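Inspection log for the structure reproduced underneath, given as structure tokens.
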Amino acid sequence: MVKRKDYVINGITYHAEIERKAIRGIYVSAPNEEMVFSVRVPLFVTNFTIDDAINKLLPRLLKKKERYQKKQAIKPEGEDFTYLLGKKENVTFSSKEELLKFAKKNILPLYEERLRYYESIMGVKKPYKLILRNMSTRYGVNSSRTHRISLGLILVHYPLEVADAIIVHELAHDFQRNHSKRFYAIVYKYCPDYKRLHAKLTGRLYEADNI
């Protein structure tokens, strides 16, 4: 049996559909466009516990949903612009292939300069070959087999310092193949702003002065 109850968060009324099931925890979904959300709760949990859980979890879910929607709304390119190295330029590309071709000619040489610089100060003994690829899930890859670092095409939309952070990250794998504390100690030694710069990627903050 599903029980319906209203909750008011920041002056907005949301409608909960509460269902008791043979489960251990309380599970709350994000509200849909009609402000309705579902809640699954253990069979014998009290109404007070349910209300307390919803009042704590619902605001968090709303903020998470808002961040996701904002993130989805931000695009690195539009009908008459493309973000390149953190600047909104009045140029467009018909496909990712065309953008990749442009980036290999005009941006990859900058990345290669940055790679050589960080290899020098980090003490990397054998220089890496650097390539630019259209990768959907990763910003960079360090291949120990080919001794090659791949950077994701998405980086060309961000300021050069963001690519620096990814380059340092991948070079740190020359010393530590995992993501241990020792690994991040190397990353932060040569890129103290790593957390802030990585946040630009996850937040899709393309412009140089966004944070």
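The model shown is predicted, which means the values in this text are computed figures rather than measured ones.
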TODO: Evaluate whether atom CZ of R182 has more than 12 neighbouring non-hydrogen atoms of other residues, nucleotides or ligands under 6.0 angstrom away.
DONE: no
TODO: Hey, can you tell me if F183 and H169 have their rings parallel, tilted or perpendicular (30° and 60° cut-offs)?
DONE: perpendicular
Open item on the list: Restricting to non-hydrogen atoms, name the atom on R20 and the atom on L43 that form the minimum distance, rounded to 0.1 Å.
Closed with: NH1-O, 2.9 Å
Task: Short side-chain to backbone donor-acceptor contact, H147 and K126, under 3.5 Å - done: yes
TODO: Looking only at non-hydrogen atoms, find the nearest pair between K104 and L132 and report the distance.
DONE: CE-O, 3.7 Å
- [ ] Apply the test salt bridge (Lys or Arg N to Asp or Glu O under 4.0 Å) to residues K63 and E66: give CA-CA distance (whole Å), side-chain angles for both, the deciding distance (0.1 Å), then the verdict.
- [x] CA-CA 5 Å; K63 287 182 179 179; E66 182 182 6; over 6 Å; no
TODO: Search all heavy atoms of L197 against all heavy atoms of C191 and return the closest pair with its distance.
DONE: CD1-SG, 3.9 Å
TODO: Treat each ILVMFWY residue as a node, draw an edge where side-chain heavy atoms are under 4.5 Å apart, and state whether I18 and I23 are in one component.
DONE: no
TODO: Output the distance between atom CD1 (I121) and atom CG (L171), rounded to the nearest 0.5 Å.
DONE: 9.5 Å
- [ ] Indicate whether any N or O donor in one side chain lies under 3.5 Å from an N or O acceptor in the other, for N142 and Y128.
- [x] yes
TODO: Decide whether L84 and L160 are clustered together by the hydrophobic rule: side chain heavy atoms of Ile, Leu, Val, Met, Phe, Trp, Tyr closer than 4.5 Å, transitively.
DONE: yes
Open item on the list: Taking the ring of Y194 and the ring of Y188, is the distance between their centroids below 6.0 Å?
Closed with: yes
- [ ] Please check if F81 and F102 belong to a single hydrophobic cluster, counting links between Ile, Leu, Val, Met, Phe, Trp and Tyr side chain heavy atoms closer than 4.5 Å.
- [x] yes
Open item on the list: Is the shortest side-chain heavy-atom distance between F37 and L61 below 4.5 Å?
Closed with: no
Open item on the list: Using only atom types and a distance under 3.5 Å, with no angle test, would you say the side chain of K200 pairs donor to acceptor with the backbone of E207?
Closed with: yes
Open item on the list: Contact between L57 and V39 at the side-chain level, heavy atoms closer than 4.5 Å - yes or no?
Closed with: no
Open item on the list: For residues I131 and L153: do they belong to one hydrophobic cluster (side chain heavy atoms under 4.5 Å, members Ile, Leu, Val, Met, Phe, Trp, Tyr)?
Closed with: no
TODO: Could you tell me whether D51 and K5 have a side-chain N and a carboxylate O separated by less than 4.0 Å?
DONE: yes
Task: SB check K101 E98 (cutoff 4.0 Å) - done: no
Open item on the list: Looking at E170 and R138, is there a salt bridge between them, counting it only when a charged N and a carboxylate O are closer than 4.0 Å?
Closed with: no
- [ ] Starting from the C-alpha separation in whole Å, work towards a yes-or-no answer on side chain to side chain contact (heavy atoms under 4.5 Å, CB included) for I166 and L201.
- [x] CA-CA 10 Å; I166 302 305; L201 289 169; 3.7 Å; yes
Open item on the list: Side chains of N55 and I9, heavy atoms from C-beta outward: is any pair under 4.5 Å?
Closed with: yes
- [ ] Would you check if E119 and I149 make a side-chain contact, meaning some heavy-atom pair closer than 4.5 Å?
- [x] no
Task: Joint cluster assignment, I154 & V141, ILVMFWY side-chain distance < 4.5 Å - done: no
TODO: Could you tell me which residues satisfy ring pair (Phe, Tyr, Trp, His ring centres under 6.0 Å) with Y27, sequence neighbours excluded, listed by chain and number?
DONE: none
Task: Check: T82 side chain, V91 main-chain N or O, donor-acceptor pair, under 3.5 Å - done: yes
Which atom pairs, donor and acceptor, lie under 3.5 Å between side-chain atoms of residues 28-36 and protein residues at least two apart or in another chain?
unit_1	atom_1	unit_2	atom_2	d
S29	OG	S38	N	2.9
S29	OG	S38	O	3.4
S29	OG	S38	OG	3.0
N32	OD1	E34	N	2.8
N32	OD1	M35	N	3.2
N32	OD1	V36	N	3.0

Task: Sub-4.5 Å side-chain heavy-atom contact between T146 and K129 - done: no
